[in-house]
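Written below as structure tokens is the structure these notes are about.
Order of listing sets the numbers, starting from 1, for every ligand and every atom in it.
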Amino acid sequence: MALDPSRTVAELEELRELTGDPQGAQRVAWTETWEKARDFLRSKAEGLGAEEEVDEAGNQWFTLAGDSERALLLGGHMDSVPNGGWLDGCLNVLAGLEVMRRIASEGKPRVTVRLVSWADEEGARFGRSLFGSSAAAGSMRDQEELRALTDRDGVALPQALAEHGVELDKALEARSQLEHAAAYLELHIEQGPVLESLDLPLGVVLGTFGVERSRFTWRGQAAHAGSTPMDKRRDALAGAAKLALYIREIAAQVGGGAVCTSGGVVTRPGIVTSVVETAEQLLDQRHLDADSLARMLAMARDAADRFAAEENIEVEWERIWSIEPILFDDTLIGFADEAVREVAGTSHRLPSGPLHDAAEVARAGIPTVMLFVQSLRGLSHTSLEDTKRKHLEQSVEALDKLASKTLAWLA
Ligand SMILES: [Zn+2]
């Protein structure tokens, strides 16, 4: 059976029909609609000769046994955010399925080929992303915190998981799934504007950004808005405001794709008649290079101390979360470059701002690479998410070529 990229597009449309509504995709992990998407995948994989298995973390696997146990993995995620797009996550799963059909039709492969739909990549319901892939990679270390998470309706995470056959305490047993993994390939929509601005359909991902997430708590003095002269104020918001603008400087100075976002400031007392006493400010900083990322954080902290002194207020810093940059495999990046060139004529290498399951797999020491396909207007996590049909088909072709090159390398 020859590769048929248009079938992937048709299946994506079918999935959209089945699991979306006018507001967008509704395949939130650990819900009925997500199960519907998993059933859909199961039905599409029928007749492939691949064995299905759902592991201890809820990841859904389809294994096409080869001459060797060493395995090439193709993966993505069927779950979406609420009111999400029709391509995020499921493009990689359905494109991977099409590639598997092509491989299966050519007889028993030299190495085993496995398709995985990772459970709860988005973390949309409980706020914890990359659930299934971090369990399989063995990097999940937050079981205690996971146990305490609840959704908006007060349902605890362990209970929601149990309803879908997953015991939180056993999730890490999914590690055995990566035992024979020799390479991991993931195709994803870019979810950003870079490829569109370069007028290129496809790109090769170098790795995922390291992330530093901080909370700066600024403390001044609440004071009456009418009776306190401007030069007598200790305004906590002034420090947060200065930092919110200074992070542009940090990103520009460090360069190399650096991004900084002050995504939230909560002020107290938060009334129109008072100077702000405390301002809690969130900062997210990302870079592909670990030293650059460390420098970005140091610059933000130094600046915060300086602004606190200038404003006669205090500031405390706290790390909320961090992850180191994860670099993909050089050999696979080379194959991906060739595959993209063969399909689209030109290739472009770029980092990934968002985290992906591929980062977890790479962290587990498995050679990994990702392909990006252009996103129209750079939009994702919205029903407006879209990619040109031609580009979708090219992306399936590129994944297929990349899979062939990788299989030849592994055999
Ligand atoms: Zn995704």
**Prompt:** Hey, are H381 and E122 close enough side-chain-wise for a donor-acceptor pair under 3.5 Å?
**Reply:** yes
**Complete:** In D88, the N/O/S atom nearest the Zn ion (ligand 1) carries the name OD1
**Asked** Looking at the Zn ion (ligand 1), which N/O/S atom of H77 is the nearest one?
**Response** NE2
**Prompt:** Is it the case that R319 places NZ or CZ above or below the six-membered ring of W317, under 6.0 angstrom from the centre and within 45 degrees of the axis?
**Reply:** no
**Prompt:** Is the Lys NZ or Arg CZ of R16 less than 6.0 Å from the centre of W86's six-membered ring, within 45° of the axis?
**Reply:** yes
**Item:** Carboxylate-amine/guanidinium contact E52 R42, below 4.0 Å
**Value:** yes
**N, O or S from H188 under 2.8 Å to the Zn ion (ligand 1)** = yes
**Prompt:** Is D357 close enough to the Zn ion (ligand 1) to have an N, O or S atom under 2.8 Å?
**Reply:** no
